[in-house]
Amino acid sequence: MFRWQFIPEPELVPYRPVDALPAAGLVVLAPHPDDEVFGCGGTVARACDQRCPVTIVIATDGGKGGDPVVRQAESRRAVVALAASGPVPSLHFWGYADRELTPDASLVSRIRDLVRLCGPQWLLAPSPFEVHPDHRAMCLAAIDAARELAVELGFFEIGQPLMANRFVDITGVMARKRAAMACFESQFAGQRYDQQVEAMNRVRSYTLGPTVDFAEALWFPPAGGAVGVQAVFADAARRLALRMGLDTGAA
């Protein structure tokens, strides 16, 4: 039996952005060339400014969406645009076939080995709300990998909004994110992803006050998702019930 409860807005969505990015750095898991920029390019740019080490994995060759060689070159130009005068993120192209990514033991092990090598504080992956099969596969592989890692697992949004519990203010680096997105011109013939992403980043500033014009949304489940996929889904269900003002009687 559900019981209605009043919950103030700041308990449902952040009203302040993240103060600082993790000094130990972050690893970004991108299913395709461009997801790393569309999903969390501003966060990467902020990390570069703070001299936080950034490692980016591009899991597939993007071959269903264009020439893999061209798309790889676009990603290389984009990280330079994001870095500006800071350290350029390390790029790893794993070369899986586009739309054939599978969250199997091999992919999980590869993610785990890279995180252990880099030692980041944050591991960022596409959220469970994404609909593209490669995005969902990368999300599940990241959840499985994080079970045995001393890392905070966070999710970012690419094509679908998520239920954010952290916002990164990217107002000061939005020009660099625009420049990085513009590097993916091979992707804009059929759809202006850059304009759509910028619109989402603008909307994400809604609760952050007049000094924040653009933000990126992240969702960090409890314990970084280290207890597995069921805990991630349970957190999503709990937070949805909270947003509805429903008291399930659970502690």
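Being a predicted model, the structure only gives us computed values, none of them experimental. Reckoned from all heavy atoms, side chains included, excluding hydrogens, waters and symmetry mates.
A salt bridge links K177 with E216; the closest basic N to acidic carboxylate O contact falls under 4.0 Å. Contact check on R71 versus D34 returns a salt bridge, with a Lys/Arg side-chain nitrogen under 4.0 Å from an Asp/Glu carboxylate oxygen. A salt bridge is absent between D49 and R46: the closest approach of a Lys/Arg side-chain nitrogen to an acidic carboxylate oxygen does not fall below 4.0 angstrom. For the pair R110 and D104, the salt-bridge criterion is not met [side-chain N within less than 4.0 Å of a carboxylate O]. Using a 4.0 Å cut-off between a side-chain N of Lys or Arg and a carboxylate O of Asp or Glu, R116 and E148 qualify as a salt bridge. Ion pairing between R192 and E198 fails under the 4.0 Å rule for side-chain N and carboxylate O.
At least one test fails for R76 against the ring of F93: distance under 6.0 Å to the centre or angle within 45° of the axis.
Contact annotation: the side chain of N165 approaches that of F220 to within less than 4.5 Å [non-hydrogen atoms, C-beta and beyond]. Inter-residue side-chain proximity for L123 and L29 is flagged as met; some heavy-atom pair is nearer than 4.5 Å. In this structure, M138 and I111 have side chains that are in contact, with non-hydrogen atoms separated by less than 4.5 Å. Inter-residue side-chain proximity for S75 and F184 is flagged as met; some heavy-atom pair is nearer than 4.5 Å. Contact annotation: the side chain of E130 approaches that of I158 to within less than 4.5 Å [non-hydrogen atoms, C-beta and beyond]. H32 has its side chain out of reach of I58: every pair of non-hydrogen atoms, C-beta onward, lies at least 4.5 Å apart. Taking the side chain as every heavy atom from C-beta outward, P22 and W122 approach each other to under 4.5 Å. Residues V13 and Y15 meet the side-chain proximity criterion, which asks for heavy atoms closer than 4.5 Å.
When all heavy atoms of D213 and T171 are compared, the closest pair comes out as N-OG1, 2.9 Å. A pairwise comparison of heavy atoms in A30 and E36 identifies CB-N, 3.6 Å as the closest pair. Of all heavy-atom pairs spanning D134 and R99, the tightest one is OD2-N, 2.6 Å. A pairwise comparison of heavy atoms in H135 and P31 identifies CD2-CG, 3.5 Å as the closest pair. When all heavy atoms are compared, the tightest approach of P120 to V27 is CG-CG2, 3.5 Å. Here the closest heavy-atom approach between residue G228 and residue I143 is recorded as C-CG2, 3.6 Å.
Between F129 and W219, the two ring planes are tilted [angle within 30° to 60°].
In the hydrophobic cluster analysis, where Ile, Leu, Val, Met, Phe, Trp and Tyr join through side-chain heavy atoms closer than 4.5 angstrom, V18 is grouped apart from L208. No path of Ile, Leu, Val, Met, Phe, Trp and Tyr side chains, each step under 4.5 Å between heavy atoms, connects V37 with M200, placing them in separate hydrophobic clusters. Neither V203 nor F155 shares a network with the other; the hydrophobic side chains, linked directly or stepwise wherever heavy atoms of I, L, V, M, F, W or Y lie under 4.5 Å apart, form separate groups for each. Linking Ile, Leu, Val, Met, Phe, Trp and Tyr whenever their side-chain heavy atoms come within less than 4.5 Å leaves V108 and Y96 in two separate clusters. Residues I7 and L246 do not share a hydrophobic cluster, clusters being chains of Ile/Leu/Val/Met/Phe/Trp/Tyr side chains in contact below 4.5 Å.
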Derivation of the side chain to side chain contact (heavy atoms under 4.5 Å, CB included) call for R112 and L149
CA-CA 7 Å; R112 191 175 293 141; L149 298 171; 3.5 Å; yes
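Checking each of D61, V57, L101 against W94 for a side chain to side chain contact (heavy atoms under 4.5 Å, CB included) leaves exactly one that passes, namely V57.
Atoms CE and CG, on M244 and L12 in that order, are 11.5 Å from each other to the nearest 0.5 Å.
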